[in-house]
2 protein chains.
Amino acid sequence: MEMHQVRYFLAVCETLNFTRAAERCHVTQPALTRAIQKLEEEVGGQLFRRERNATHLTHLGQMVKPHLEQVLADSQAAMSTARAPSQCSGLR
Amino acid sequence: MEMHQVRYFLAVCETLNFTRAAERCHVTQPALTRAIQKLEEEVGGQLFRRERNATHLTHLGQMVKPHLEQVLADSQAAMSTARAPSQCSGLR
DNA sequence: CAATGTTACGATACACGTAATCATA
DNA sequence: TATGATTACGTGTATCGTAACATTG
């Protein structure tokens, strides 16, 4: 599992639309589709159910989603902690 | 930030030794060194202080570490949730 | 000189974008 | 036929491993 897969997954969760998720992530649909497919392989099942009108989360997707939200939140926390001015003085 | 950088970082945290961390991650030292360097660039500072005998975490590294432990834990939780037998029946 | 970390370099793999294809309303 | 997702294909970047180098006890 890689971070970009997590970002793409969460973007699809929010938009329920691969096209708009791709736009939001600044990539093309094919790139996003493949990343999601690869994530689904790793996870061992479908995360989304693609249907005529809309895209839904599967049960598996619903189970995984909160964990991946945490992954993203924690990685962002790590970055903002690091960039916080509080530690400009003591990097060692 | 990518997941493999997180794994490598935590391996160095635990071993305080690039060589053994690389072994644990099944990569060569050069690969691990470069991954850590790149992470340090992204974070904006040194994460480890390399010294004659040993390797220590810098203050920055100490601040970042718990967040990256969370990232790893959450990603593993996502995977084990997905693979748990509980949802063999209802993947949709 | 033994152990540890870094740099150089060529090769491989992976993610990307464009374009073509499929499916559906 | 228009919209949205996938597949095909060639390209570029980034990571990798091997090997050479640097540093230090």
Side-chain angles (χ1 to χ4, degrees), chain A residues 1-58 60-61 64-65 68 71-72 75 79 91-92, chain B residues 1-58 60-62 64-65 68 71-72 75 78-79 91-92:
Chain A
M1 177 194 311
E2 290 299 329
M3 287 303 295
H4 65 100
Q5 292 172 319
V6 174
R7 286 190 295 268
Y8 296 174
F9 170 82
L10 294 175
V12 178
C13 285
E14 291 178 12
T15 61
L16 293 177
N17 178 308
F18 279 60
T19 302
R20 263 167 273 162
E23 289 171 1
R24 176 179 298 200
C25 295
H26 306 293
V27 292
T28 57
Q29 291 99 332
L32 187 135
T33 289
R34 286 183 305 246
I36 297 291
Q37 285 173 340
K38 199 173 178 204
L39 182 60
E40 287 175 327
E41 282 179 24
E42 292 174 20
V43 159
Q46 295 270 118
L47 295 169
F48 297 104
R49 198 162 59 245
R50 288 83 156 167
E51 286 179 354
R52 32 252 158 208
N53 311 328
T55 297
H56 318 75
L57 270 173
T58 60
L60 180 58
V64 166
K65 180 182 173 190
L68 298 193
V71 168
L72 185 63
S75 71
M79 292 302 286
L91 286 180
R92 47 167 54 201
Chain B
M1 177 194 308
E2 291 299 329
M3 286 302 294
H4 65 100
Q5 291 171 321
V6 174
R7 287 189 295 266
Y8 296 174
F9 170 80
L10 294 175
V12 177
C13 285
E14 290 177 12
T15 61
L16 293 179
N17 178 309
F18 279 60
T19 302
R20 264 167 272 162
E23 287 170 4
R24 174 177 302 199
C25 295
H26 306 293
V27 293
T28 56
Q29 293 98 331
L32 188 135
T33 289
R34 286 183 304 247
I36 298 290
Q37 286 173 340
K38 199 174 177 203
L39 183 59
E40 288 175 326
E41 282 179 24
E42 292 174 18
V43 160
Q46 295 270 118
L47 294 168
F48 297 104
R49 200 164 56 245
R50 288 83 156 167
E51 286 180 354
R52 35 244 156 213
N53 312 328
T55 296
H56 317 77
L57 271 173
T58 60
L60 181 57
Q62 289 174 22
V64 165
K65 181 182 174 189
L68 298 192
V71 168
L72 186 65
S75 71
M79 292 301 287
L91 287 180
R92 46 170 52 204

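In what follows, chains carry the letters A, B, and so on, assigned in the order in which the sequence lines appear, proteins first and then strands, with residues in each chain numbered from 1. Note that this is a predicted model, so its numbers are computed, not measured.
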Could you check how far NE2 of A:H4 sits from P of D:dT15, rounded to whole Å?
11 Å
A:M1 and A:E42 have their tightest heavy-atom pair at N-OE1, 2.8 Å
Nucleotide C:dC14, atom P - distance to CD of B:E2 in whole Å:
14 Å
Quick one: does B:E40's side chain have a donor or acceptor within less than 3.5 Å of a partner on B:L47's backbone?
yes
Any donor-acceptor N/O pair under 3.5 Å between C:dG5 base and B:R34 side chain:
no
Can you tell me the distance, in whole Å, between the CZ atom of A:R50 and the P atom of C:dA23?
15 Å
In whole Å, I'd like the distance from the CG atom of B:L39 to the P atom of D:dT15.
11 Å
Using a heavy-atom cut-off of 4.0 Å across all strands, would you classify B:T19 as base, sugar-phosphate, or nothing?
sugar-phosphate
Test applied, side chain to side chain contact (heavy atoms under 4.5 Å, CB included); reference residue, A:L10; option that passes from A:L72, A:T15, A:V71
A:L72
Rounded interatomic separation in angstrom, taking CD from B:E40 and C1' from C:dG5
12 Å
Side-chain donor/acceptor of B:T58 to backbone N/O of B:Q46, under 3.5 Å
yes
What integer distance in Å separates A:L16:CG from D:dG4:P?
14 Å
Base, sugar-phosphate alone, or nothing: which one does B:F48 contact when heavy atoms must sit under 4.0 Å apart?
nothing
